[in-house]
2 protein chains.
Amino acid sequence: MEPQINEINSYLVSIFNDVLMIEERTLQTSQFKDVSIKEMHTIDAIGMYQEHTTSEVAKKLGITVGTLTVSVNNLVRKDYVNRVRSETDRRVVKLALTKKGRLLYRLHDKFHRDMVRETIREMSEAEAELLMKGLVNLHGFLERTKEQLPE
Amino acid sequence: MEPQINEINSYLVSIFNDVLMIEERTLQTSQFKDVSIKEMHTIDAIGMYQEHTTSEVAKKLGITVGTLTVSVNNLVRKDYVNRVRSETDRRVVKLALTKKGRLLYRLHDKFHRDMVRETIREMSEAEAELLMKGLVNLHGFLERTKEQLPE
DNA sequence: TCAAACAGTTTGATAATCAAACAAAAATAA
DNA sequence: TTATTTTTGTTTGATTATCAAACTGTTTGA
């Protein structure tokens, strides 16, 4: 039992580091050199489809609104994000991607989809379903752990 | 097929974010409040057992030696890491954990093992095998991708 | 109407990061 | 041997990431 735990653990750690590193490197050698991996994740959290408020995006990313404001300042300057004050509640800021932002979003999304597609390439439909179940378990455990976290 | 890819992808992303967030939060509410999650990973990369040079650790972490030097300065100041000049080659610096560093290393390692153990506890043998198979595929894909990366 | 609550912004401090300039030591070439 | 090049690590300057706390403007509710 223990060796399996160690093995799964080292694969998870290694995968984690690789994904981050590859994403970073891919960005830096693309036409989007001026975007860091953190900014990429902010763009991802803002998303293509609905408008999201600053608070919503900050919560999704697990950072404070202050941090997000600073980051969005840079992304607006670099023309990836638009800020729009809500008409119905003038305190609220809605964030949306620019054309350039949406292009980058799609590129990043493609990387992720390719990655997963390759992962399940050699699996049958049923096996992929079971992998999915494993991920659901892991996710469930983490969500429960999160709730038990102090404050 | 496509919807499954999307679903697996969002679970992976969510799992990654949760692990990072839980690690960070766990550290900040422990006796090791003065260590950030990045510093924790540096301590992990230095490791318990062999001595490693600055270059080796930087490579393992995927950061420049300059960045690591700065980080190690802080970890030495906070008494988690020792710097030792090599006797045989006076250019080389060997990094090693202090007693406090080793204590923290073990704590972090335990968190990881508990996480995996808890995750596969609820799974059947077959499910755990398939999770493992999925991870191996994913890891293989990432290693191949890394090799194709420019320089 | 006016105080409290809310949504974001700004600021000051610190950490993380890189590239480039630098210093010291070792290896290689002359 | 001496000079040059390469290697290992440090320092520095710039930018980003982050938080907490102070702040601004807006809305809500007493």
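From a predicted model like this one, the values you see are computed outputs, not experimental measurements. We name chains A, B, ... by the order of the sequence lines, and we start the count at 1 in each one.
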In a check of side chain to side chain contact (heavy atoms under 4.5 Å, CB included) between Tyr80(A) and each of Asn74(A), Val35(A), Val72(A), Thr42(A), which one passes?
->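 Output: one option passes, namely Val35(A).
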Quick one: does Arg91(B) reach the base of dT7(D) with a side-chain donor-acceptor pair under 3.5 Å?
-> yes
Report which part of the nucleic acid Lys33(B) touches: base, sugar-phosphate, or nothing (heavy-atom distance under 4.0 Å, all strands).
-> nothing
If you look at every strand shown and take non-hydrogen atoms under 4.0 Å, does Ser71(B) touch a base, only sugar-phosphate, or nothing?
->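 Nothing, no heavy atom under 4.0 Å.
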Of Thr88(B) and Val92(A), whose closest DNA chain C nucleotide lies nearer the 5' terminus?
-> Val92(A)
From C-beta outward on [X], which listed nucleotide comes closest to its side chain: [options]?
X	options	value
Thr64(A)	dG8(C), dT10(D), dA20(D)	dA20(D)
Thr54(B)	dA17(D), dG9(D), dA15(C)	dG9(D)
Ser36(A)	dT8(D), dA17(D), dC19(D)	dA17(D)
Arg85(A)	dT9(C), dT10(D), dA26(C)	dT9(C)
Val93(A)	dT11(C), dG8(C), dT16(D)	dG8(C)

Check this one for me: any side-chain N or O of [X] less than 4.0 Å away from OP1 or OP2 of [N]?
X	N	result
Lys38(B)	dT18(D)	no
Lys94(A)	dA7(C)	no
Thr69(B)	dT10(D)	yes
Ser55(A)	dG8(C)	yes
Asn73(A)	dT10(C)	yes

Could you give the [atom1]-to-[atom2] distance, from [X] to [N], as a whole number of Å?
X	N	atom1	atom2	result
Leu95(A)	dG8(C)	CG	P	8 Å
Leu61(A)	dT16(D)	CG	P	17 Å
Glu87(A)	dT27(D)	CD	P	10 Å
Glu39(B)	dT17(C)	CD	C1'	14 Å
Glu56(B)	dT8(D)	CD	C1'	12 Å
His41(A)	dT18(D)	NE2	P	11 Å
Asp89(A)	dG8(C)	CG	P	8 Å
Leu75(B)	dA15(C)	CG	C1'	11 Å

Within-4.5 Å side-chain heavy-atom neighbours: Leu138(B) and Tyr11(A) = no
Evaluate the side-chain proximity of Arg91(A) to Ser86(A): yes if any heavy-atom separation is below 4.5 Å, no if none is.
->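 Counting from C-beta outward, Ser86(A) and Arg91(A) never come under 4.5 Å.
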Please tell me which of Lys78(A) and Gly66(A) maps to the more 5' nucleotide of DNA chain D, matching each residue to the nucleotide holding its nearest heavy atom.
-> Lys78(A)
Checking N1-N3 plus N6-O4 or O6-N4 for Watson-Crick, or N1-O2 and O6-N3 for wobble, each under 3.5 Å, the partner of dA7(C) is dT24(D)
If Ile, Leu, Val, Met, Phe, Trp and Tyr residues are connected whenever their side-chain heavy atoms lie under 4.5 Å apart, and connections chain through other members, are Val136(A) and Met132(B) in the same group?
->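 Result: yes, single cluster for both.
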Do the side-chain N and O atoms of Asn9(B) and Arg113(A) include a donor-acceptor pair separated by under 3.5 angstrom?
->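 Note: Asn9(B) and Arg113(A) side chains miss the donor-acceptor criterion.
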Is there a donor in the side chain of Thr53(B) and an acceptor in the side chain of Ser55(B), or the other way round, less than 3.5 Å apart?
-> no
